[in-house]
Number of protein chains: 2
Amino acid sequence: MEKAQAGARGRNANGERAERSAQRDPERTRASILAAATKEFAENGMGGARVDAIAERAGINKRMLYHYFGDKEQLYLAVLEEAYIGIRTAEKSINLSDLEPEEGIAELAMFTWRYFLEHPEFLSLLGTENLHRARWLRQSTRLKELHSQLMGKLSELLDRGRAKGIFREDVDPLHLYLTMAALGYFYLSNQYTLSTIFGRDLAERASLEGWERHIVHVTLASIRR
Amino acid sequence: MEKAQAGARGRNANGERAERSAQRDPERTRASILAAATKEFAENGMGGARVDAIAERAGINKRMLYHYFGDKEQLYLAVLEEAYIGIRTAEKSINLSDLEPEEGIAELAMFTWRYFLEHPEFLSLLGTENLHRARWLRQSTRLKELHSQLMGKLSELLDRGRAKGIFREDVDPLHLYLTMAALGYFYLSNQYTLSTIFGRDLAERASLEGWERHIVHVTLASIRR
DNA sequence: CTAGTTTGTAACCAATTAGTTATTTATTGC
DNA sequence: GCAATAAATAACTAATTGGTTACAAACTAG
């Protein structure tokens, strides 16, 4: 091509950013690298992911990937951090304090299940990261505070249920969260081997709906007095 | 080295195999390749595992690996099949028919948990295989019959408990197995990220024992009338 | 004892891979 | 308008990787 078109460039009358030039757009480039990397790492793991494949999926030159993220490992960590921020941010938006304790627990259990169902790449990334014993996650500083909020919410629901006399005295909020998460995570992340060896398609709509009800049932049964 | 020592070779007086030559021993070579491959695939996944690393771990020449197993993918499938045979074989040895229904379920839940705890490589292999949507497991023919036995055992326990009036009417044996497996699998396979984000070491002895009790409690609570 | 087969080794190869260099083009602060 | 800087491309490289070739030693059947 020759010179740039005068069309979509610079700032508009209000001094705000106009729509970016088709030729240069750092934010969009960065975002598309991150999105492409999320897919590639989720599908192939850290060891199986290919930097060239990420560049191609993102429609950018490989050099840009190193420009924005340093190297493959830092890119992977950025992907992982963004994935955690995604679920914890979505969690924030559910309001549990208006609900009865049992309803609140059920709501959180269903939220977790549905989030896992709609974000298979999150599950894959967790699997990959654990394969490597949290080697990269442990380097991340800015994640821990995200999780104390979740524990706080659960503790509050448990306290209210205990005061009402409907929940057991000795429920550990971490155990409760792990129970809900385990039931959703295992079913979805292992659906391929499970469907194969048990000869039942776990991805069918009816099976998925049945498992959601099962999760709520098991979770509540485990904490009721 | 020069000529072979006459020492440990050929057959003994009874015509049986004597202890193998130090120089040639196909069975031992094959077994050590399989053991080394199990470790390498479990630690690094299919994409991250290195054929050279397997050969080195096994203390054999890489050529032998191709001689016995064809290529990397067939070796991986052999590792996976052996891992499944391992757990299903161990399961066979527990006798549930002498136990009361509740005890039987508890026994199976504890067995599953302990097997997972003692065979982390099995969990890793499942994770890797599911990352690839059971691509290799689906090619395996000889695995399905292994699993119908397990379902049979569970159905029998559930029937007896239902007849006794202590279990609910509508329990799906597959759901029951998935519940026990999910609680063990998730805790162990995700222990590294979970310990990191929640700031609690899930591998501590007391935590592990607490989780075993939790699994039994949740499993039984979910099926009791 | 010997020819054929199996088990084993060492060195090699073509393809792939993470990361770089050299260079050009667009954008921005002054 | 213009120098400085940021964004982008294409081509390259050194190391690694899965798989192979050529060859040698050990075992077995007749």
Side-chain angles (χ1 to χ4, degrees), chain A residues 1-12 15-34 36-37 40-41 44-77, chain B residues 1-12 15-34 36-37 40-41 44-77:
Chain A
M1 305 281 142
E2 327 63 60
K3 293 285 169 81
Q5 305 87 339
R9 269 215 323 255
R11 292 162 189 280
N12 65 15
E16 293 156 349
R17 276 263 156 71
E19 56 304 8
R20 321 295 309 234
S21 152
Q23 293 176 30
R24 291 179 70 165
D25 189 339
E27 280 163 48
R28 209 177 52 116
T29 299
R30 213 191 116 97
S32 73
I33 292 171
L34 211 53
E40 177 73 9
F41 284 121
N44 302 104
M46 176 63 183
R50 296 289 164 248
V51 173
D52 290 282
I54 295 170
E56 196 177 2
R57 290 178 105 133
I60 52 101
N61 188 281
K62 188 167 55 154
R63 180 68 183 75
M64 285 295 91
L65 188 154
Y66 288 95
H67 179 59
Y68 285 110
F69 294 96
D71 62 13
K72 188 185 179 184
E73 301 198 15
Q74 286 173 268
L75 174 58
Y76 169 77
L77 179 56
Chain B
M1 304 283 139
E2 328 59 61
K3 294 285 167 80
Q5 305 87 337
R9 271 216 321 256
R11 291 163 190 279
N12 66 14
E16 293 156 348
R17 275 265 156 69
E19 54 311 1
R20 322 295 309 235
S21 153
Q23 292 178 31
R24 291 179 67 168
D25 189 339
E27 279 162 48
R28 210 177 51 118
T29 299
R30 212 191 117 96
S32 74
I33 293 171
L34 210 53
E40 177 73 10
F41 283 122
N44 302 104
M46 175 64 182
R50 296 290 163 247
V51 173
D52 290 281
I54 295 171
E56 196 176 3
R57 291 178 105 131
I60 52 101
N61 188 282
K62 190 167 54 154
R63 179 68 181 74
M64 286 294 89
L65 188 154
Y66 289 96
H67 179 59
Y68 286 111
F69 293 97
D71 62 13
K72 188 185 180 185
E73 301 198 14
Q74 284 173 269
L75 173 58
Y76 169 77
L77 179 56

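Residue numbering restarts at 1 for every chain, and letters A, B, ... go by the order of the sequence lines. Atom set for the values below is all heavy atoms of this structure, side chains included, hydrogens, waters and symmetry mates excluded.
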Could you tell me how far apart [X] ([atom1]) and [N] ([atom2]) are, to the nearest whole angstrom?
X: A/Arg50; N: D/dG18; atom1: CZ; atom2: C1'; answer: 12 Å
X: A/Tyr66; N: C/dA18; atom1: OH; atom2: P; answer: 6 Å
X: A/Ile33; N: D/dA7; atom1: CD1; atom2: P; answer: 11 Å
X: B/Phe69; N: C/dG8; atom1: CZ; atom2: P; answer: 12 Å
X: A/Arg63; N: D/dC12; atom1: CZ; atom2: C1'; answer: 13 Å
X: A/Glu40; N: C/dA18; atom1: CD; atom2: C1'; answer: 13 Å
X: A/His67; N: C/dT25; atom1: NE2; atom2: C1'; answer: 14 Å
X: B/Leu65; N: C/dG8; atom1: CG; atom2: C1'; answer: 13 Å

Any chance CD of A/Glu56 has more than 12 other-residue heavy atoms, nucleotides or ligands included, within less than 6.0 Å? no

In terms of the nearest nucleotide of DNA chain C, which residue is placed more toward the 5' end: A/Val51 or B/Arg30?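 Nearest nucleotide further toward 5': that of B/Arg30.
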
When you get a sec, tell me which of C/dA18, C/dG8, D/dA8 is the closest nucleotide to the side chain of B/Met64? C/dG8

Can you find a side chain N or O atom of B/Thr29 that sits less than 4.0 Å from OP1 or OP2 on C/dG8? yes

Does OP1 or OP2 of C/dG8 have a side-chain N or O of B/Tyr68 closer than 4.0 Å?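 Result: yes.
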
Is there, by distance only and without an angle test, a donor paired with an acceptor across the side chain of A/Asn61 and the base of D/dA7 below 3.5 Å? no

State whether the distance check finds a donor on one side and an acceptor on the other, under 3.5 Å, for side chain B/Lys72 versus base D/dG19.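 A donor-acceptor contact between them is absent.
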
Please step through side-chain contact (heavy atoms from CB on, under 4.5 Å) for the pair B/Val51 and B/Lys62, ending with a clear verdict. CA-CA 7 Å; B/Val51 173; B/Lys62 190 167 54 154; 3.8 Å; yes

Rounded distance (nearest 0.5 Å) linking atom [atom1] of [X] with atom [atom2] of [Y]:
X: B/Asn61; Y: B/Ile33; atom1: CG; atom2: CD1; value: 9.5 Å
X: B/Lys72; Y: B/Phe41; atom1: NZ; atom2: CZ; value: 6.0 Å
X: A/Asp52; Y: A/Glu40; atom1: CG; atom2: CD; value: 9.5 Å

Just checking A/Ala55: base, sugar-phosphate only, or nothing, at a heavy-atom cut-off of under 4.0 Å? nothing

